[in-house]
Amino acid sequence: MSQVRVRFAPSPTGFFHIGSARTALFNWLYARHTGGTFILRIEDTDKERNSEAFLNVIYESLNWLGLNWDEGPKVGGSGGGNHGPYRQSERGAIYKAYVDRLMAAGRAYEKDGAIWFKLLGERYEAFDDHRKKTVTKVRIPPVAIEDQIRGRVERLEDEDFVIVRSDGNPVFHLVNVVDDIAMEVTHIIRGEDHLSNTSKHVLLFEGFGAKPPAFAHIPLILKQNGPGKMSKRDQGALVEEYQRRGYLPEALVNFLCLLGWNPGDDREKMAIADIIRLFDLPGVNQSNARFDDKKLAHMNMVCLLEQPAERFVGLARDYLARQDTPVAQAALATEAPFFRDVMLLSQPKIKGLEELPAYTGYFFTEDFPIDAKVRDKVMAKGDPKARLGELAEMLATADFSSDTAIEEAIKALAAKNGLGFGDYQAIARLAASGTNVGPSITGMFRVLGRERVLARFGRFQ
RNA sequence: GCCCUCAUCGUCUAUCGGUUAGGACAGGAGAUUCUCAAUCUUCAAAGCGGGGUUCGAUUCCCCGUGGGGGCACCA
């Protein structure tokens with residue numbers, strides 16, 4: 001029975017946080033690394049905040065990240081295992097049975113309408129400074145765990161605590177432990193914010209006569225600016241935002257892996273298969289990590305550059321299809337080969353798919369804007385109108401079949417007039433695209449085609 | 001206030017007692033190029049403080065300081 005079973009247990013709040021994503025990721029990696037089972041369990045005991053739409057946020061984010069679960073909701077008919085149901089809202093009877101066992105064993109009692117877990121030891125009264133009242137304490141030895149990441153951690157738990165509220169609802173600590181026992185979870189990989197809860201959990205495991213699983217508390221992700229851990233309200237905290245902005249899931253996954261873990265050498269960009277092979281719990285860092293969107297953006301660019309042509313064109317199409325702007329509509333309405341050419345011309349130049357509309361807009365309409373500031377700057381130097389005329393005349397009969405053919409033609413023209421390529425470049429770009437940034441003008445001309453280029457030159461004032 | 005935990009460039013990190021303390025992102029400079037990116041070269045940038053242990057500590061121990069988390073009939 002050395003089969004690893006790990007679980008990711010989010011509660012459906014309507015948001016899928018970057019920190020949750022990493023917790024899910026580390027659990028998933030460990031399961032895949034060990035050939036174990038990755039369980040998705042929904043902690044939806046808070047009925048007020050629970051809804052089907054909120055559940056979908058979780059499913060969609062996990063799916064997008066590629067973190068498939070072996071047991072849990074939406075897996076086959078029975079949840080992919082015989083440990084279901086996997087939503088806590090459907091496990092009430094199980095919790096009740098476990099609490100009854102505790103009561104029968106004298107490890108739980110009722111007080112003020114709630115059910116309390118009973119610590120076994122000498123009792124005494126003490127004044128609690130924080131709560132400003134006298135409480136009953138219990139003398140027991142501190143609870144010690146051997147954390148897979150932090151080593152030995154000891155903490156004293158010296159008060160009975162509530163496990164079922166007076167309204168009949170079981171509390172987090174109880175359901176969490178009961179489910180981990182019932183689902184035969186072997187490793188609990190969770191955020192460090194739960195480290196202080198672990199003593200309660202261990203006591204509960206023992207109260208149920210169960211051997212506590214291994215614990216691994218991973219460091220937290222701190223917000224980019226300001227103090228504290230990242231929370232849902234922080235800029236860039238939601239997974240769906242990256243999905244919406246056209247980030248590649250493998251880029252986010254790779255980035256998240258590096259926040260608190262590394263392969264032990266200088267490798268950063270890695271295939272997921274390699275990460276799975278190299279990942280292990282003792283390799284996880286102990287200190288919190290600050291989120292860095294610049295590094296994420298860089299990782300995304302690296303991934304984008306690596307994409308095979310057809311995949312990139314597909315990604316670009318998918319991204320634009322979600323935009324619902326005139327530019328995106330126009331782009332999608334063009335012939336597939338033209339669309340493809342434009343995207344492949346842009347692939348090595350952009351840092352993210354979200355730059356696409358602004359970067360390629362002028363390819364898809366004749367009604368593109370002319371940047372006034374750029375125009376002023378370009379027109380102020382030399383005699384751009386004359387250069388444009390010479391270029392138009394030459395291009396009317398030039399070979400448009402390849403970038404190099406166009407390049408040679410322009411260079412020949414420049415040489416003939418005792419000028420350089422640069423004397424033609426700026427005005428040609430401005431007339432053809434309305435701006436001063438973009439792919440090489442030779443590529444731009446080839447893709448636009450002679451007719452369009454000359455027409456744009458002709459219209460340029 | 002109490003408890004737990006962490007500590008290397010601005011940021012993410014490597015180093016498992018002996019290194020010119022390495023890499024990446026961000027930043028500076030340069031090269032290249034038809035612009036902008038990318039790319040290449042290059043510069044700047046770190047062991048929180050104080051005690052120990054040791055021939056020798058970034059590395060091990062203690063104290064302090066600082067950061068983070070937790071102290072509910074929230075999850």
Does a side-chain N or O from [X] land closer than 4.0 Å to OP1 or OP2 of [N], or not?
| X | N | result |
| --- | --- | --- |
| A:Asn262 | B:rA14 | yes |
| A:Lys200 | B:rC4 | no |
| A:Arg190 | B:rG70 | no |
| A:Asn225 | B:rU11 | no |
| A:Lys295 | B:rA26 | no |
| A:Arg165 | B:rA72 | no |

Using the [atom1] atom as the reference point in each nucleotide, state the distance between [N] and [M] in Å, no decimals.
| N | M | atom1 | answer |
| --- | --- | --- | --- |
| B:rG27 | B:rC71 | C1' | 42 Å |
| B:rC74 | B:rA14 | C1' | 40 Å |
| B:rU65 | B:rA26 | P | 38 Å |
| B:rG28 | B:rC36 | P | 15 Å |
| B:rG51 | B:rA46 | C1' | 23 Å |

Using only heavy-atom distances, determine whether the side chains of [X] and [Y] contain a donor-acceptor pair under 3.5 Å.
| X | Y | value |
| --- | --- | --- |
| A:Tyr98 | A:Asp179 | no |
| A:Gln224 | A:Asp234 | no |
| A:Ser11 | A:Glu43 | no |

Salt bridge flag under 4.0 Å for residues [X] and [Y]:
| X | Y | result |
| --- | --- | --- |
| A:Glu390 | A:Arg387 | yes |
| A:Glu268 | A:Lys295 | yes |
| A:Lys351 | A:Glu355 | no |
| A:Glu71 | A:Arg41 | no |
| A:Lys200 | A:Glu206 | no |
| A:Lys118 | A:Asp160 | no |

Gap between atoms [atom1] and [atom2], on [X] and [N] respectively (whole Å):
| X | N | atom1 | atom2 | result |
| --- | --- | --- | --- | --- |
| A:Glu268 | B:rG23 | CD | P | 12 Å |
| A:Phe255 | B:rA26 | CZ | P | 12 Å |
| A:Asp147 | B:rC4 | CG | C1' | 12 Å |
| A:Asp292 | B:rG27 | CG | P | 11 Å |
| A:Gln224 | B:rG10 | CD | P | 16 Å |
| A:Leu156 | B:rC4 | CG | P | 9 Å |
| A:Tyr424 | B:rU35 | OH | P | 17 Å |
| A:Leu195 | B:rU5 | CG | P | 7 Å |

Indicate yes or no: at least one non-hydrogen side-chain atom of [X] is less than 4.5 angstrom from one of [Y].
| X | Y | value |
| --- | --- | --- |
| A:Arg22 | A:Leu256 | yes |
| A:Leu304 | A:Leu353 | yes |
| A:Arg150 | A:Pro219 | yes |

Indicate, with a heavy-atom threshold strictly under 4.0 Å, whether [X] touches base, sugar-phosphate, or nothing.
| X | answer |
| --- | --- |
| A:Pro439 | base |
| A:Met299 | nothing |
| A:Gly191 | nothing |
| A:His217 | nothing |
| A:Asp112 | base |
| A:Gly228 | sugar-phosphate |
| A:Ala289 | sugar-phosphate |
| A:Asn436 | base |
| A:Asn176 | nothing |

_Watson-Crick or G-U counterpart of B:rA21, or none if no pair lies under 3.5 Å_ =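 Check on B:rA21: unpaired, no WC or wobble geometry under 3.5 Å.
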
_Complement of B:rU32, any strand, by Watson-Crick or G-U distances under 3.5 angstrom_ =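 Here B:rU32 is not engaged in any pair, so there is no nucleotide opposite it.
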
I'd like to know if [X] reaches the base of [N] with its side chain such that a donor and an acceptor end up less than 3.5 angstrom apart.
| X | N | value |
| --- | --- | --- |
| A:Thr442 | B:rC34 | yes |
| A:Lys349 | B:rU35 | yes |
| A:Arg429 | B:rC34 | yes |

*Select from A:Arg152 and A:Asp167 the residue whose nearest nucleotide in RNA chain B is closer to the 5' end of that strand.*
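So the residue in question is A:Arg152.
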
*Relative to the 5' end of RNA chain B, which residue comes earlier, A:Val162 or A:Leu258, by the nucleotide with the nearest heavy atom?*
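This one resolves to A:Leu258.
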
*A:Phe421 side chain: which of B:rC4, B:rC12, B:rC34 is closest?*
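Of the candidates, B:rC34 comes closest.
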
*Quick one: sort the A:His173 and A:Phe161 rings into parallel, tilted or perpendicular, breaks at 30° and 60°.*
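A:His173 vs A:Phe161 ring planes: perpendicular.
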
Check: protein-nucleotides 6-8 of chain B nitrogen or oxygen pairs below 3.5 Å:
from	atom 1	to	atom 2	distance (Å)
B:rC6	OP1	A:Gln286	OE1	3.0

Give each protein N/O atom lying under 3.5 Å from an N/O atom of nucleotides 57-61 of chain B, with the pair distance.
none

